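Inspection log for the structure reproduced underneath, given as structure tokens.
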Protein chains: 2
Amino acid sequence: MTVSIKDVARQAGVSIASVSRVISGKPGVGSATEARIRKIMEDLNYRPNLGARGLVKQQTGNIAIIVPRGSFTLNNPFFSTVIDGIAKGIDQSDYNIVMSFSSAQQKKLLENKSVDGIILFSPRSEEFRLEWLENLGLPTVVIGSYIDDSPFPCVRPSDTDGIDQAVHALYERGHRHIGLVNEPMSSMHSVKCWEGYHQALQRLHLGPGSNDMLELNEFDVNASDRSVAAFFRSRPTMTGIVCASDYLAIGIMRIAATMGLSIPEDLSVIGADDVPIASLLTPALSSVQVDLPGIGQEATRMLIDLLTGKHVDSKNLVFPMTYIDRETTRNTEH
Amino acid sequence: MTVSIKDVARQAGVSIASVSRVISGKPGVGSATEARIRKIMEDLNYRPNLGARGLVKQQTGNIAIIVPRGSFTLNNPFFSTVIDGIAKGIDQSDYNIVMSFSSAQQKKLLENKSVDGIILFSPRSEEFRLEWLENLGLPTVVIGSYIDDSPFPCVRPSDTDGIDQAVHALYERGHRHIGLVNEPMSSMHSVKCWEGYHQALQRLHLGPGSNDMLELNEFDVNASDRSVAAFFRSRPTMTGIVCASDYLAIGIMRIAATMGLSIPEDLSVIGADDVPIASLLTPALSSVQVDLPGIGQEATRMLIDLLTGKHVDSKNLVFPMTYIDRETTRNTEH
DNA sequence: TTGTATGCGTTATCAT
DNA sequence: ATGATAACGCATACAA
């Protein structure tokens, strides 16, 4: 049924070696026979079997995108926006993207020689063991904050500085009691956000803040309505909230609304990453902008460089963040 | 470097056939040798090469997800939500997801025997020719409205009825001049939405509506600010807008805000599909709900049935839509 | 129960 | 310039 290189060879009255040569554009075949072979390939609608080729060339042409299971949701705009950037980066190449969604399948995917390299969204500490990843022997690029001394190159936002900026923005607008809504600290990203928050409060002489961080149990704030409400209610003087992501901020806005708090009148809110919908919300979400598609694109470039043996210069690529003032923040008197 | 079935065989002092048997759980190997082989596999950390296996079994273990290039954006919540459902469906199986993003690569992916089946998001008429798709000879399931007599099973929302419901909802709230914001009519989805809109207006004796549909040039409303503004300005009596998707509706809300129109006071807006963020917006978006993850999951199930030779009963699976009243719609006097 | 041999579709080496 | 042939890692029909 499926037409192979043999069929072409037979039809053209040549050996499979010659056919293979014209396919891969290698020299050593007369222009007359070449033309004949091409014609036959066309007629027979021949397509190379990439699996077979991969078998001999020891490469698959596939790149795995691994997103931590659980925080996953393409609906989390952080992922979808970065992946859009990956898509752009990969367009230039011949690689395809392979994804698995359960962690059992992800393991299989990586172990069974189905991919040439990995783009790894910073896993939580309990997810993949570093040793296990190294053992894979696959070129890997990490997106997002990750263990500082990991052997993999890493592309990420300057989370710490970003959150720092957000706190400062609120301070400049008169806020003195500022909280942080954070994801579980098992993620390195959360740790970095905490550091930025803490560092800003220190500099502004606003205290350590240990008491004003809400650490969610889940990565999805929508699963935590009650604890969020309790957090707000027990801190009546708190006028400003910084969130570790826009996704979180959107959830916070929703919960605040159900509590009768209006934004920004009663509460100023700042997100992080500035995902596309942030500016589409009403009120538009103030956030700390970073070039998320750029991160995806750069990570892809680095991985492809790794894959093609090019020298990879920068081991850590940190994208700057800059505060964007929109409608969820306003001045307050203290 | 990479340990193959041969290495295991040699180490265990058996033939590769025996090793292959225990790998695939086939009978015909003594429990003693089996144990020995398993031990060696463990020690050597043997992993089967899926590519090689695929070569002999004539299958890859991969399923392609094809999203029309251009409307694409994982950021379009329609796609990301459906894909979440696909992820759930595929978790039960052993298949991986492969995606390409440029249409040249998508063609290659499908032609070069890299996948066993296709989940195809309803392509626009100019995208893939039906004949070409059939020629591939790959099991295919289409998600979303598509050519009515396509040979592929299809899972989709009841677009026509959904838009009809939206128009009726506005009518019941007193609206008499109701517009439709639609995507390019080159997509079957847009045609279905138009049909629902037209049908509702007919039933309600509100005229054909031909003049009150805005057909965007792009799939992304954010590229069309000016034409949207012109559309609104030239129809001062229009109090209600139905959108072909929530994504569109969100864009419309943003543009309306910049025009000084407040929602729902000046304009009622209804989206379609009820993506997760719809309810998180402020004001929360009224929409026509449909089980998007369910659609993805069912499509996956159908494809896997197709792949495993099971009988596929329903050729067309249409998911019902039901209007959800939230905060972007209100009563009006006429 | 176990082993041998062939083939899956390619690429690559070595002759011719 | 062209062709035989081995090899990639695995499954399987057939022999033993």
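Predicted model only: the values in this text are computed from it and were never measured. Naming: A, B, ... by sequence-line order, numbering from 1 per chain.
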Open item on the list: For B:R47 and B:N49, which I'm curious about, is there any donor-acceptor pair between the side chains at under 3.5 Å?
Closed with: no

Open item on the list: Taking A:L50's backbone N and O only, do any of them form a donor-acceptor pair with B:K113's side chain (distance below 3.5 Å, no angle check)?
Closed with: no

- [ ] Could you tell me, to 10°, how much the axis swings from one end of the helix from C:dT1-D:dA16 to C:dT16-D:dA1 to the other, five pairs per end?
- [x] 50°

Open item on the list: Can you list, in residue-number order, the parts of residues 36-51 of chain A that come under 4.0 Å of DNA chain C, counting heavy atoms only?
Closed with: A:Y46, A:R47, A:P48, A:N49

Task: Atom-to-atom span, CD1 of A:I5 to P of D:dT5 - whole angstrom - done: 17 Å

TODO: Kindly state which residues belonging to residues 18-28 of chain A come within less than 4.0 angstrom of DNA chain D, counting heavy atoms of the residue only, listed by number.
DONE: A:S18, A:R21, A:G28

Distance-only criterion, 3.5 Å: show the donor-acceptor pairs between side-chain atoms of residues 292-304 of chain B and protein atoms not counting sequence neighbours.
from: B:E298; atom 1: OE1; to: B:R301; atom 2: NE; distance (Å): 3.0
from: B:E298; atom 1: OE1; to: B:R301; atom 2: NH2; distance (Å): 2.7
from: B:E298; atom 1: OE2; to: B:R301; atom 2: NE; distance (Å): 3.4
from: B:T300; atom 1: OG1; to: B:G296; atom 2: O; distance (Å): 2.7
from: B:R301; atom 1: NH1; to: B:D305; atom 2: OD2; distance (Å): 2.9

TODO: Using atom types as modelled and distance alone, determine if a side-chain donor or acceptor of B:S18 lies under 3.5 Å from a backbone N or O of B:I16.
DONE: no

Open item on the list: Within the 4.5 Å heavy-atom criterion, are B:P68 and B:F79 side-chain neighbours or not?
Closed with: yes

- [ ] Quick one: which residue pairs count as a ring pair (Phe, Tyr, Trp, His ring centres under 6.0 Å) with a foot in residues 33-59 of chain A, not counting sequence neighbours?
- [x] none

Open item on the list: Between A:S93 (side chain only) and A:D91 (backbone N and O only), is there a donor and an acceptor less than 3.5 Å apart?
Closed with: no

Open item on the list: Can you tell me if A:R53 touches the phosphate of C:dG9, counting only side-chain N or O atoms and a distance under 4.0 Å to OP1 or OP2?
Closed with: no

Task: Donor-acceptor contact below 3.5 Å, side chain A:D116 vs main chain A:T60 - done: yes

TODO: Using atom types as modelled and distance alone, determine if a side-chain donor or acceptor of B:N62 lies under 3.5 Å from a backbone N or O of B:V98.
DONE: no

Open item on the list: Taking atom CG as the centre, does B:D43 end up with more than 12 heavy-atom neighbours from other residues, nucleotides or ligands that are less than 6.0 angstrom away?
Closed with: yes

Open item on the list: Please determine whether the number of non-hydrogen atoms from other residues, nucleotides or ligands lying under 6.0 Å from atom NZ of B:K39 exceeds 12.
Closed with: no

- [ ] Decide salt bridge (charged side-chain N to carboxylate O under 4.0 Å, His left out) for B:K88 and B:D84; before the verdict, give the C-alpha distance in whole Å, the side-chain angles of both, and the deciding distance to 0.1 Å.
- [x] CA-CA 6 Å; B:K88 207 174 295 176; B:D84 266 356; over 6 Å; no

Task: Where B:K107 and B:W132 come nearest, the two heavy atoms and their spacing - done: CE-CZ2, 3.7 Å

Can you check nucleotides 6-8 of chain D for protein contacts, nitrogen or oxygen pairs under 3.5 Å, and list what you find?
from: D:dC8; atom 1: OP2; to: B:K6; atom 2: NZ; distance (Å): 3.3

